[in-house]
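The structure appears below as structure tokens.
Just so we're clear, the structure is a prediction, and the values are computed from it rather than from any experiment. Residue numbers begin at 1 in each chain, while the letters A, B, ... track the order of the sequences.
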Amino acid sequence: MIQKVVPNAEAAVEGIADDMTMMFGGFGLCGIPENAIAAVRAKGVKGLTCISNNAGVDGFGLGLLLETRQVKKMISSYVGENDEFERQMLSGELEVELIPQGTLAERCRAAGAGIPAFFTPAGFGTEVAEGKEVRHFNGKPHILEHAFDADFAFVKAWKGDEAGNLIFKGTARNFNPMMAMAGKITVAEVEELVPAGQLDPNAIHVPGIFVHRIFEGAHFEKRIEQRTVRPRA
Amino acid sequence: MIQKVVPNAEAAVEGIADDMTMMFGGFGLCGIPENAIAAVRAKGVKGLTCISNNAGVDGFGLGLLLETRQVKKMISSYVGENDEFERQMLSGELEVELIPQGTLAERCRAAGAGIPAFFTPAGFGTEVAEGKEVRHFNGKPHILEHAFDADFAFVKAWKGDEAGNLIFKGTARNFNPMMAMAGKITVAEVEELVPAGQLDPNAIHVPGIFVHRIFEGAHFEKRIEQRTVRPRA
Amino acid sequence: MALDKNGIAQRIAQELQDRWYVNLGIGIPTLVANYIPEGIDIEFQSENGILGMGPFPWEGEENADLINAGKQTITALPGASFFDSATSFGMIRAQKVQLTVLGAMEVSETGDIANWKIPGKMVKGMGGAMDLVASAENIIVAMQHTNRAGESKLLPACSLPLTGVGCVKKVVTDLAVLAIDPLRGFVLLERAPGVSVEDIVAKTAGRLVVEGDIPEMKL
Amino acid sequence: MALDKNGIAQRIAQELQDRWYVNLGIGIPTLVANYIPEGIDIEFQSENGILGMGPFPWEGEENADLINAGKQTITALPGASFFDSATSFGMIRAQKVQLTVLGAMEVSETGDIANWKIPGKMVKGMGGAMDLVASAENIIVAMQHTNRAGESKLLPACSLPLTGVGCVKKVVTDLAVLAIDPLRGFVLLERAPGVSVEDIVAKTAGRLVVEGDIPEMKL
């Protein structure tokens with residue numbers, strides 16, 4: 001077995017540098033790599049291109065890297081509720097590339113599957129398709145999209161083992177598996193790190209081969225964005 | 001919940017007809033849909049195009065459909081050890097299209113993921129690439145491959161539930177998940193069929209939306225092709 | 001009388017068919033789940049990675065790891081499954097989801113939809129809308145017939161940046177149910193209770209086909 | 001003296017580096033697993049869907065659901081994982097597997113490989129070989145230096161249908177270890193114990209570079 005365990009988030013982000021492209025798993029604040037974000041912030045690297053479905057909120061998630069102006073460019077599908085983000089974007093400090101969510105997911109998956117490019121119907125006839133090759137399949141127009149290229153991928157899983165195998169929980173899975181596959185260096189933080197052999201090999205969502213470094217997160221806040229409930233009678 | 005249970009293999013193959021294209025999961029004899037193969041044979045439909053990584057052996061697996069001359073064309077990556085297959089192929093009765101295994105898997109996955117075509121490096125410079133578009137990405141040549149189109153997909157899983165959710169075991173997973181995603185009508189046979197709610201929703205390999213009919217197989221022979229062992233001291 | 005949001009949702013729910021997988025967008029579409037007709041089995045897909053989505057959790061039982069695409073806490077029903085975003089949009093593109101209901105700022109008489117961007121305003125992004133509208137076989141738009149300025153949202157052509165081209169099949173507004181026939185335009189099918197054909201004609205900027213008697217919706 | 005199959009495997013095992021994921025083809029390559037050097041952690045991938053493949057099972061413990069790409073019954077080590085074929089070839093194409101060892105019928109001086117088809121003979125198929133050779137960064141071919149007729153298998157150009165183009169980095173035969181330099185041809189690195197340079201020259205049809213003293217392999 002090949003050992004992937006590093007002691008903590010600080011050790012896990014070793015090698016990050018200015019102007020790198022980084023992927024961050026998560027959907028909204030669900031399943032985000034909280035500990036890695038804090039460690040990237042602590043390292044102070046600048047000029048980052050961040051690929052993440054969303055951009056966090058003020059004071060949490062990727063909002064923490066926006067606050068410190070470490071991000072040069074965001075590649076996302078929805079950049080939601082974030083005043084600092086809006087301010088930086090409108091002032092031209094922050095570059096933003098918006099991509100359909102399914103295309104974002106598939107471009108990550110393509111990177112991790114060695115598929116350099118693929119055709120998708122999403123975005124045909126919209127500004128997303130501008131400058132892209134269009135081709136019809138079964139009479140329907142599709143556009144050519146390319147795999148991402150990321151120096152680091154930071155993902156968050158529920159359980160992981162020493163071999164880097166990952167298991168996710170609920171909808172906290174989202175973009176994490178494909179980003180784990182896509183990173184040149186993939187860093188996984190988990191709620192529970194177990195010895196090799198304790199996870200059911202049938203139940204692994206991301207085989208350890210895709211994960212270069214794994215650690216148990218010191219703390220997970222797991223903030224809820226929209227607390228919707230049914231009142232008890 | 002949408003109920004997918006049918007009583008047996010015979011009911012599960014309802015609607016199959018001559019000249020259809022059918023996918024069959026499995027690698028060698030591991031994870032093959034034994035009960036569906038028997039039911040397709042019993043129905044006597046002819047002129048089938050079968051997409052399957054392998055072609056079974058004499059008297060088992062897809063060998064059973066070759067025996068009865070129901071197969072017009074095999075699309076496979078490796079057609080192994082099968083005298084009847086060899087005879088039909090050499091006599092020109094059976095058409096054979098050989099495809100690199102990874103391309104076979106990805107063309108199934110593409111069909112199930114609504115990706116009509118993608119680029120892969122596999123086969124460049126070989127006869128597999130003949131007549132196909134070549135394009136370079138990062139300086140490396142790739143060829144354009146297309147999603148499959150299958151009328152039926154027959155897959156075999158370990159456990160399944162009434163909602164059509166599937167869980168596989170060991171290396172019997174192989175092509176089954178992507179073929180399940182790819183079929184216009186997907187038929188799953190399982191060793192154990194349980195009520196909805198009994199499978200861990202985190203552990204599902206194929207969500208029920210991809211499965212149209214599910215049944216518990218009456219019998220699984222699960223033949224071993226190469227019994228390799230370490231003798232006990 | 002024009003329908004309220006719940007009325008629009010209730011009318012859309014009548015379109016549901018047994019054994020359909022359905023994706024509901026944020027806003028009015030979400031309310032459709034409250035009006036599933038008796039005897040109809042539906043499974044809800046949320047594109048962030050769940051099939052078999054249930055109602056909001058009981059107070060105190062909300063779970064940060066279990067949300068929908070609107071980032072609201074939800075529950076999972078028996079038979080549910082979780083999956084990654086690539087698989088989720090895989091099933092959407094492969095048309096395994098039979099119906100998508102979403103809101104719009106504008107719809108054109110040829111079925112174009114604009115619902116993600118207003119030039120000059122802060123753009124939040126298209127999320128999964130472009131993937132959904134490009135792939136779904138059956139798209140129903142739920143929206144108000146006119147905008148706050150009283151201008152029609154059913155247009156000859158969208159003025160806003162498009163989300164998708166020629167994809168909308170049906171529109172349910174506070175005033176009417178309309179099918180889209182790419183050759184003829186908006187085909188008026190039903191009026192909201194008490195709303196006149198004249199009123200709908202006046203508030204529809206795109207080509208409108210009115211054939212025979214237009215029945216009132218039954219809610 | 002020329003190496004036997006185990007000798008070839010043993011020599012290839014010296015190429016293994018710590019923390020490598022390795023895919024071994026059928027035949028001689030499979031034997032490499034028996035010679036992993038001390039202190040080196042290796043995980044074996046089999047393209048039918050397992051990482052962390054272990055040795056054959058004990059007699060009576062074989063499991064029909066647990067085989068390798070050669071369809072042999074195997075075991076899974078602690079830390080193993082199972083996955084589908086699309087994911088398996090995904091990791092292969094994305095170069096997550098550091099070394100692929102496979103057999104060949106012919107190798108050319110520019111690194112082309114032919115190992116799947118002999119015109120006029122029954123063709124069984126390429127299996128995963130084309131995917132592996134098109135993607136692997138590091139491919140070692142394990143084969144006999146000559147065929148049964150005594151003809152060199154190291155050629156200026158392959159005569160058989162190709163499996164891949166310009167992909168082989170190293171060849172280990174019963175006679176020698178050779179690197180492939182696409183500009184210069186086969187570069188002789190080591191001789192099998194007791195085998196002379198002259199013998200290797202005589203049995204290599206492709207361009208052969210012999211520079212300085214060629215050491216004997218150490219096994």
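For residues 100-113 of chain B, heavy-atom neighbours of chain D at less than 4.5 Å comprise P100(B), Q101(B), G102(B), T103(B), A105(B), E106(B), R109(B), sorted by residue number. Listed by sequence position, E127(B), V128(B) are the residues of residues 127-139 of chain B in contact with chain D, using a 4.5 angstrom heavy-atom cutoff.
Salt-bridge check for R232(B) with E59(D): failed, with every basic side-chain N at 4.0 Å or more from each acidic carboxylate O.
A distance of 6.5 Å separates CE in M122(D) from CG in L90(B), rounded to the nearest 0.5 Å. Rounding to the nearest 0.5 angstrom, the gap separating the CE atom in M126(D) from the CD1 atom in I99(B) is 8.0 Å. Distance check, rounded to the nearest 0.5 Å: NZ of K124(D) to CZ of F85(B) gives 10.5 Å. Here the CZ atom belonging to F83(D) is positioned 12.0 Å from the NE2 atom belonging to H205(B), to the nearest 0.5 angstrom. Note that the CD1 atom of I224(B) and the CG atom of N63(D) stand 7.0 Å from one another [nearest 0.5 Å]. For the atom pair CG (N68(D)) and OG1 (T228(B)), the distance works out to 6.5 Å, reported to the nearest 0.5 Å.
Residue contact with chain B, scored on non-hydrogen atoms closer than 4.5 Å, is absent for A76(D). Interface remark: T87(D) contributes no atoms to any contact with chain B (heavy atom separation under 4.5 Å).
Between L162(D) and G125(B), the shortest heavy-atom contact is CD1-O, 3.7 Å.
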Test log, rule side-chain contact (heavy atoms from CB on, under 4.5 Å), inputs D65(D) and T171(B): CA-CA 6 Å; D65(D) 291 330; T171(B) 56; 5.7 Å; no
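Both the sub-6.0 Å distance and the 45° axial angle are not jointly satisfied by K169(B) relative to the ring of F82(D).
Between R230(B) and P57(D), the closest side-chain pair of non-hydrogen atoms is not below 4.5 Å.
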Identify each donor-acceptor pair in which a side-chain atom of residues 133-142 of chain D lies under 3.5 Å from a protein atom, sequence neighbours left out, and give them as a table.
| from | atom 1 | to | atom 2 | distance (Å) |
| --- | --- | --- | --- | --- |
| S135(D) | OG | D131(D) | O | 3.3 |

Would you give me the side-chain donor-acceptor pairs under 3.5 Å for residues 2-9 of chain D, sequence neighbours excluded?
| from | atom 1 | to | atom 2 | distance (Å) |
| --- | --- | --- | --- | --- |
| D4(D) | OD1 | N6(D) | N | 3.2 |
| D4(D) | OD1 | G7(D) | N | 2.7 |
| N6(D) | OD1 | Y35(D) | OH | 3.2 |

